[in-house]
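What follows is one structure encoded as structure tokens, with my remarks underneath.
Since the model is a prediction, treat every value here as computed from it, not as a measurement. Per chain, numbering begins at 1; letters A, B, ... match sequence-line order.
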Number of protein chains: 2
Amino acid sequence: MEKSRKITLSEVAAQARVSPITVSRALRDPAKVSPEARARIDQAIRELGYVPNPAARALASGRTDVVGVIIPSVSNNVFADVTRGIYDALEGSALSVQMGNTRYSPLTEEELIRVFLSQRPAGLIVAGHDQSPAARAALIAAECPVVQLMEVGPAPIDMAVGLSHYEASRAGAAHLLAQGYRAPAFLGAQMDPRSQQRLQAFRDCLAQAGIGTDDPVVTTPEPSSVSLGCRLFADLLSRSPRTDAVLCNNDDIALGVLFEARRRNIRVPQDLGICGFNDLEMMSAAEPSVTSVAVDRLRMGRDAIGLIRDRLEGRGQPRGYALDLGFRLMTRDSTRRGG
Amino acid sequence: MEKSRKITLSEVAAQARVSPITVSRALRDPAKVSPEARARIDQAIRELGYVPNPAARALASGRTDVVGVIIPSVSNNVFADVTRGIYDALEGSALSVQMGNTRYSPLTEEELIRVFLSQRPAGLIVAGHDQSPAARAALIAAECPVVQLMEVGPAPIDMAVGLSHYEASRAGAAHLLAQGYRAPAFLGAQMDPRSQQRLQAFRDCLAQAGIGTDDPVVTTPEPSSVSLGCRLFADLLSRSPRTDAVLCNNDDIALGVLFEARRRNIRVPQDLGICGFNDLEMMSAAEPSVTSVAVDRLRMGRDAIGLIRDRLEGRGQPRGYALDLGFRLMTRDSTRRGG
DNA sequence: TTGACGGATGACAGCGCTGTCATCAGTATC
DNA sequence: GATACTGATGACAGCGCTGTCATCCGTCAA
């Protein structure tokens with residue numbers, strides 16, 4: 001087995017009869033190199049199979065082409081879609097991504113931000129607005145573009161892409177009331193800050209409608225799942241048997257409720273209205289189809305990268321820019337109770 | 001805003017009153033440094049907030065602590081779980097992961113393998129056994145551990161973790177026949193090599209059982225989704241109205257079939273048996289619960305990293321090692337037709 | 001014709017760390 | 001008491017690339 005030796009920039013330069021620095025420029029800013037030299041260099045690169053060494057580049061230039069992405073959990077459905085958006089938008093650029101998992105721990109998040117920043121990333125994407133003070137300070141001092149993802153808040157550290165979870169949830173709750181449901185409950189798993197806002201909106205909406213508040217809310221620290229939705233709904237029924245609708249903190253739970261209702265011969269939407277959150281693809285395919293608050297997760301990831309790329313290319317948004325992607329209430333059969 | 005200057009190894013060394021090289025050793029191999037020196041170094045690191053520069057380390061040592069993971073799609077449910085397993089297993093190690101997305105293109109895969117290998121990764125994980133000859137050659141020549149993930153095949157390039165998709169699918173098909181279904185069909189989306197094997201097992205199983213082969217198979221190049229499951233099932237019924245069971249290439253499709261059957265008042269399991277593949281969490285929560293071939297995706301990811309770490313620590317498996325994780329047929333209500 | 005200017009290219013040093021070899025004290029062996 | 005060996009530490013060079021400054025040539029206005 002012929003051990004293929006590492007090809008360096010200098011070897012490409014020798015073959016193309018130019019100096020190494022010219023090859024370097026041809027790679028990073030082709031406009032600065034004459035077309036003839038460029039052609040010879042390109043050919044040499046192809047012939048030798050040259051691949052640049054990112055470590056050397058990072059060391060010499062003091063920056064990397066890595067975008068750090070710090071999210072609570074890679075496996076969560078919602079983040080999976082956001083991640084896909086990020087990868088989509090990175091396609092064809094020289095940037096790559098490095099994922100960090102906070103596992104919902106502020107300390108881990110702080111440490112990750114510190115480590116990522118120490119590598120002088122091209123940009124940083126963090127989930128939410130609820131960083132610890134130390135983390136926040138580090139992000140403010142960061143020299144790279146920073147995007148806070150998932151929600152828009154009053155004071156972005158740098159830029160933000162997301163939506164108002166309060167408003168989105170409120171729309172769901174209002175819809176249930178508008179459909180004539182009079183005893184709606186809230187079901188949620190692991191309550192991150194965005195979930196808290198959604199719960200708050202639910203409570204406010206009920207209070208405003210003057211609906212007696214025995215606070216029909218069931219949550220748990222467990223991570224979300226469809227089975228959990230079944231269990232939470234069972235819990236809810238034993239506590240508040242008169243419940244006639246549920247606002248679910250996410251679609252997994254909503255689907256669990258749908259299945260559990262069927263098991264118990266509770267008719268949806270007549271006896272029970274179900275509204276989910278996120279609008280996963282399966283909600284429209286379900287029988288009955290399930291109302292959900294649609295959030296464009298793919299676009300959220302894409303736009304985050306877009307903002308970073310724009311900034312890197314000099315034509316970016318100013319500090320404090322917040323991009324509100326909004327939401328859409330997808331009204332479906334699970335809350336269609338007729339007049 | 002005080003611009004926090006970059007702390008280097010030398011500054012830590014100065015503060016700890018040792019030479020830089022000793023600090024370097026203390027970080028990489030603490031046993032080689034006296035306890036006193038180590039203590040001073042640790043304190044200096046903490047006081048200064050030193051974070052090593054991975055680019056400099058990579059450049060100097062000629063290797064990185066990055067495990068390359070090359071999979072067809074990050075967003076696919078199955079890979080999302082595998083990915084989580086990978087991140088889980090990486091926790092607490094110095095390794096990090098770099099994802100590459102082939103988007104099911106062999107050329108992209110080849111290029112990714114080339115680029116990843118040129119960075120001298122700590123290890124490489126690739127999905128499947130169907131690399132192009134050039135990609136295969138590159139992997140054979142690789143100096144790092146290589147794990148082929150998802151399936152076990154006859155001749156691993158280096159190591160492999162997965163299962164026999166043929167056997168797994170065959171178990172599902174056999175189960176349908178054993179339950180007395182006599183006109184089973186196969187439903188699949190985007191057919192990757194593993195899906196092809198599953199389809200082959202289905203066909204072989206039917207042929208062996210002497211079931212007349214009007215080849216009730218519906219597939220499509222579209223990526224999988226629940227709605228797609230609905231559509232494929234509708235297609236199937238118009239082509240082969242006598243179908244009494246479906247073996248689905250994955251659980252999304254199975255769920256779509258379940259919903260579509262309900263819409264059409266087809267009774268499950270009496271008039272239609274449904275068997276999925278992967279055993280996503282929701283299958284057990286569905287009503288009726290859905291039979292599926294369970295694959296331990298989390299463990300697959302974890303074990304892949306485990307193999308790489310073992311190898312890096314010198315106590316690894318030899319070339320050619322294949323770890324068969326097997327599968328479990330989860331028999332549930334969707335195929336429980338009674339006697 | 002002269003000087004100024006811009007485009008293309010190159011020389012040099014150094015980014016922060018580690019591999020290799022050298023050094024040196026302290027202990028074990030004969 | 002000389003030799004070999006071990007463990008802890010250090011000096012030095014260099015990994016492959018880029019930032020900075022310098023150089024060279026041709027073009028253009030005066």
Side-chain angles (χ1 to χ4, degrees), chain A residues 4-42 44-45 48-66 94 115 117-122 143 312, chain B residues 4-42 44-45 48-66 94 115 117-122 143 312:
Chain A
S4 73
R5 220 176 26 70
K6 198 92 175 185
I7 305 293
T8 72
L9 216 167
S10 305
E11 296 170 62
V12 174
Q15 170 123 350
R17 301 189 312 280
V18 292
S19 74
I21 199 72
T22 303
V23 178
S24 172
R25 266 195 289 260
L27 288 170
R28 286 174 299 150
D29 195 352
K32 282 190 177 163
V33 174
S34 67
E36 306 80 50
R38 215 160 50 207
R40 287 206 310 279
I41 291 169
D42 285 350
I45 287 176
L48 298 172
Y50 169 71
V51 181
N53 180 333
R57 177 178 299 194
L59 184 57
S61 69
R63 357 170 242 91
T64 65
D65 290 334
V66 173
V115 169
L117 281 179
S118 81
Q119 299 174 32
R120 296 182 174 275
E143 289 162 33
L312 292 176
Chain B
S4 72
R5 219 177 28 67
K6 198 91 176 188
I7 306 293
T8 71
L9 215 169
S10 305
E11 297 170 63
V12 174
Q15 170 121 350
R17 301 190 312 282
V18 293
S19 75
I21 200 70
T22 303
V23 178
S24 171
R25 267 195 288 261
L27 288 169
R28 285 175 299 150
D29 195 352
K32 283 190 177 163
V33 174
S34 68
E36 306 80 51
R38 216 159 51 205
R40 289 208 308 280
I41 290 169
D42 285 350
I45 287 176
L48 297 171
Y50 169 72
V51 180
N53 180 332
R57 176 178 300 195
L59 184 57
S61 69
R63 0 171 241 90
T64 64
D65 289 334
V66 174
V115 170
L117 280 180
S118 80
Q119 298 172 35
R120 294 183 175 274
E143 288 161 33
L312 292 176

Protein proximity profile, nucleotides 5-16 of chain C - base contact B, sugar-phosphate-only contact S, no contact -, cut-off 4.0 Å on heavy atoms: ---SBBB--BBB
Within residues 13-23 of chain B or reaching into it, pairs that qualify as side chain to side chain donor-acceptor pair (under 3.5 Å) - sequence neighbours excluded: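 As it turns out, the side chain to side chain donor-acceptor pair (under 3.5 Å) pairs with a partner in residues 13-23 of chain B, which skip direct neighbours, are B:Gln15-B:Glu47, B:Ser19-B:Thr22.
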Contact list for residues 50-61 of chain A, test side chain to side chain donor-acceptor pair (under 3.5 Å), sequence neighbours left out: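 Residue pairs with at least one partner in residues 50-61 of chain A: there are none.
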With sequence neighbours excluded, residues passing side-chain hydrogen bond (donor to acceptor under 3.5 Å, both in side chains) with B:Arg28: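 side-chain hydrogen bond (donor to acceptor under 3.5 Å, both in side chains) list for B:Arg28, sorted by chain: B:Ser24.
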A:Pro20: partners by side chain to side chain contact (heavy atoms under 4.5 Å, CB included), with sequence neighbours left out: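 Checked A:Pro20 against side chain to side chain contact (heavy atoms under 4.5 Å, CB included); matches are A:Leu9, A:Ser10, A:Ala13.
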With sequence neighbours excluded, residues passing side chain to side chain contact (heavy atoms under 4.5 Å, CB included) with A:Ala60: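 Expected list: none.
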Estimated bend of the helix from C:dT1-D:dA30 to C:dC30-D:dG1 (axis per five terminal pairs, rounded to 10 degrees):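 Inter-axis angle at the termini of the helix from C:dT1-D:dA30 to C:dC30-D:dG1: 30°.
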Closest heavy-atom pair and its distance - [X], [Y]:
X: B:Val51; Y: A:Ser118; result: CG1-OG, 3.0 Å
X: A:Arg25; Y: A:Val33; result: CB-CG2, 3.9 Å
X: A:Ala56; Y: B:Leu59; result: CB-CD1, 3.7 Å

Atom-pair distance (CZ on B:Arg120; P on C:dC17), nearest Å: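 After rounding, the reported distance stands at 21 Å.
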